[in-house]
Amino acid sequence: MWWWILIWALLVLIALAYLATRAWGVWGQFKELTAEVGHSSRTVAALQAETDRLGERPPPPTPDIFGDPRQLRRERDATRASLKQQRRARLAARRPSWARHLD
């Protein structure tokens, strides 16, 4: 009869040891979580300070769907001509000296 009490006591001790190790692991994970939350809150505070320093961004330009098509075409042509001129200047600057135009 005493051996049943010994078996139950041993089972209870093993269960308590198991629960203690699980609780210890949860406590370690909780400490890591609080450290990570602290690090994240410092990062968010730094980002918020940087956002405040930079100020408000202007709203993005609205699409010009209802604009005058002739004006839009002129702007497009001017932009394309400017880009073409810039591209030509870059290509001319990359040419070797013997291939450049002398004028």
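Residue indices begin at 1 and follow the sequence shown. Side chains included, hydrogens not; waters and symmetry mates left out as well; all remaining heavy atoms used.
In terms of the side-chain contact (heavy atoms from CB on, under 4.5 Å) criterion, residue partners of L10 (sequence neighbours excluded) are, by chain and number, I14. Listed by chain and number, the residues in a salt bridge (Lys or Arg N to Asp or Glu O under 4.0 Å) with R53 are E50 (sequence neighbours excluded). With sequence neighbours excluded, the residues satisfying side-chain contact (heavy atoms from CB on, under 4.5 Å) with W8 are W4, L11. Looking at residues two or more places apart in sequence or on another chain, you find no side-chain contact (heavy atoms from CB on, under 4.5 Å) involving L6.
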Which atom pairs, donor and acceptor, lie under 3.5 Å between side-chain atoms of residues 27-36 and protein residues at least two apart or in another chain?
from, atom 1, to, atom 2, distance (Å)
T34, OG1, F30, O, 3.3
T34, OG1, K31, O, 2.8

Side-chain atoms of residues 80-96: list all donor-acceptor pairs with protein atoms under 3.5 Å, sequence neighbours left out, distances to 0.1 Å.
none

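Cluster note: V26 groups with no other residue, as no ILVMFWY side-chain heavy atom lies under 4.5 Å from it. When hydrophobic residues (I, L, V, M, F, W, Y) are linked wherever their side-chain heavy atoms come within less than 4.5 Å, L54 remains an isolated member. Cluster note: I5 groups with W2 through ILVMFWY side-chain heavy atoms spaced under 4.5 Å, whether in direct contact or through intervening members. The hydrophobic cluster containing V12, built from Ile/Leu/Val/Met/Phe/Trp/Tyr side-chain heavy atoms closer than 4.5 Å, also comprises L16.
Residue pairs that meet the salt bridge (Lys or Arg N to Asp or Glu O under 4.0 Å) test with at least one member in residues 61-73, sequence neighbours left out, are D68-R70, R73-D77.
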